[in-house]
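See structure below.
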There are 2 protein chains.
Amino acid sequence: MPGRGRPRRFDRDAALRTAMRLFWERGYEGTSMTDLTTAMGIGSPSLYAAFSCKEALFREAVALYNETEGAVPRRMLHEEPTARRAVEALLRISADAYTDPATPPGCLVVLGAANCTEENQGVREFLAGLRREDLAMLRARLDRGVSEGDLPAGTDTTALAAFYNTVLYGLSIQSRDGATRTELHDIVDTALAAWPGQRS
Amino acid sequence: MPGRGRPRRFDRDAALRTAMRLFWERGYEGTSMTDLTTAMGIGSPSLYAAFSCKEALFREAVALYNETEGAVPRRMLHEEPTARRAVEALLRISADAYTDPATPPGCLVVLGAANCTEENQGVREFLAGLRREDLAMLRARLDRGVSEGDLPAGTDTTALAAFYNTVLYGLSIQSRDGATRTELHDIVDTALAAWPGQRS
DNA sequence: CCATTTATATATCAACCGATACATAAATGA
DNA sequence: TCATTTATGTATCGGTTGATATATAAATGG
């Protein structure tokens with residue numbers, strides 16, 4: 001039921017996608033409400049009525065990002081048969097996504113609130129929490145590799161997960177600096193040489 | 001010769017160090033002129049008279065950062081006898097510096113203008129240029145390792161340098177997220193396992 | 001038809017941004 | 001002494017920030 005009052009003139013989902021795109025491209029503080037309302041083609045009271053405030057809009061946009069952009073890497077992480085292949089798929093898919101010319105370079109969760117003001121520490125902590133979740137998923141996949149026997153028992157999965165997570169962070173910055181897809185995959189090649197038991 | 005007019009009431013070098021510290025902590029756009037003048041204890045016309053404008057002050061502060069904080073890693077990179085030991089020293093010293101409680105976490109050159117506004121693209125490009133210089137120095141050190149025989153002939157030094165550079169970028173973000181010194185060194189351990197010929 | 005509800009458009013709000021105008025203070029050179 | 005030069009303190013500039021007050025438009029329920 002669409003309710004009683006005057007119907008909304010714009011598509012809320014489309015507006016949210018627009019916000020995701022802008023925040024992805026320019027970060028939280030780098031995107032102004034005027035940028036958003038202009039890109040959405042609506043007035044600022046309409047935006048506030050639909051999304052409460054800038055921070056709420058950002059959180060909703062990031063949630064959308066996490067559901068859409070994060071779906072493929074998450075699925076790969078689970079479906080690939082070994083930990084090694086899962087991590088390689090994660091890195092390769094991320095490298096491809098970060099250099100997709102149809103979307104802004106790098107990861108919104110990593111870059112969206114890099115050095116933001118103290119007054120927006122809540123936004124920063126929100127993204128940091130998502131990063132911790134991603135790290136935990138990666139570590140869990142490595143632990144699964146140990147329990148399934150494709151990773152040596154006694155592997156320091158915490159350190160290994162932290163390492164590949166760090167590489168992913170670095171890839172985001174590299175893509176922002178204009179690194180090509182090939183360059184990122186070359187970096188991934190080297191990173192995979194650090195895999196336990198690997199000969200480089 | 002201190003010149004003719006009324007002498008400056010404040011220490012320009014100390015003010016520059018204050019600016020470096022603030023920019024390091026909060027980034028270019030995250031630091032306001034009011035933040036700067038307050039921390040320096042001077043009025044805004046004095047700041048403008050001494051440093052022209054915000055961007056010029058930032059560039060000078062970053063130059064100071066590069067000279068001071070960058071000195072030790074640069075020296076290690078040159079003085080360590082092998083490429084492998086040089087890279088390890090670079091990573092370890094950076095990990096220590098990024099987690100030094102006396103200074104802000106992470107690297108100013110990496111984090112100082114992460115997703116800044118389009119109108120400040122000049123600042124972003126300035127830092128990107130410094131990062132390219134650092135990358136070139138790292139690659140040159142690896143090339144030296146090849147010519148001196150401690151790295152196998154045919155080693156892809158470009159890819160290897162890009163990889164360790166990427167790890168350094170990632171370490172900056174990790175330290176911003178509150179990673180401890182031990183955690184960073186564990187990541188460095190894993191990164192070094194990717195070294196050519198290494199058994200991990 | 002009309003009360004109610006919701007969304008819109010216009011016009012702003014106070015706070016902060018980077019940057020200056022202006023008058024005054026404090027030094028030097030002649 | 002006094003013109004010149006430079007720096008300082010105060011007050012403020014126009015512009016932008018995130019967020020609203022207000023009045024009107026457009027739907028539903030009775």
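Every chain is numbered from 1, with letters handed out A, B, ... down the list of sequences. For the numbers below, each heavy atom of this structure counts, side chains included, while hydrogens, waters and symmetry mates do not.
Between B:Pro152 and B:Val146, the shortest heavy-atom contact is O-CG2, 4.0 Å. B:Asn115 and A:Ala114 make their closest contact through OD1-O, 3.9 Å (heavy atoms, listed as atom of the first residue, atom of the second, distance). Taking every heavy atom of both residues into account, B:Leu192 and B:Gln198 meet most closely at O-CG, 3.9 Å.
Counting only heavy atoms from C-beta on, B:Tyr48 has its side chain closest to C:dG18 among C:dA26, D:dT8, C:dG18. Among the nucleotides D:dA26, D:dG9, C:dA27, the one closest to any side-chain atom of B:Pro45 is D:dG9. Considering only side-chain atoms of B:Ser44, the nucleotide from D:dG18, C:dA19, C:dA7 that sits closest is C:dA19. The side chain of B:Arg6 approaches D:dT8 more closely than any other nucleotide in the set C:dA9, D:dT8, D:dG18.
Both A:Ile42 and B:Glu55 lie close to DNA chain C; mapped to their nearest nucleotides by heavy-atom distance, the more 5′-ward contact belongs to A:Ile42.
For A:Arg26 and D:dG18, the CZ to P distance is 12 Å, given to the nearest whole Å. A:Glu119 places its CD atom 14 Å from the P atom of C:dA15, with the value rounded to the nearest Å. Atom-to-atom, CZ of A:Arg8 to P of D:dA27 comes out at 15 Å; the value is rounded to the nearest Å. Rounded to a whole Å, the CG atom of B:Leu47 is 13 Å from the C1' atom of C:dT20. Per the geometry, CZ belonging to B:Phe51 stands 14 Å off P belonging to C:dA19, to the nearest Å. Rounded to an integer number of Å, the gap from CZ of A:Phe58 to C1' of D:dA19 is 19 Å. The distance between atom CZ of B:Arg12 and atom P of D:dT6, rounded to the nearest whole Å, is 16 Å. Here the C1' atom of nucleotide D:dT20 and the CE atom of A:Met33 are 12 Å apart, to the nearest Å.
For B:Arg92 and B:His185, the side-chain atoms include at least one donor-acceptor pair closer than 3.5 Å.
Between B:Thr34 and C:dC17 there is a side-chain polar atom (N or O) within less than 4.0 angstrom of OP1 or OP2. Within the structure, every side-chain polar atom (N or O) of A:Ser46 is placed at least 4.0 Å from both OP1 and OP2 of C:dA7. Proximity of B:Arg4 to the phosphate of D:dT4: no side-chain N or O atom is located under 4.0 Å from OP1 or OP2. Residue A:Arg9 places at least one side-chain N or O closer than 4.0 Å to OP1 or OP2 of C:dA9.
Taking the six-membered ring where tryptophan is involved, the planes of B:Phe58 and B:Phe126 are perpendicular, since the angle between them exceeds 60° and thus also 30°.
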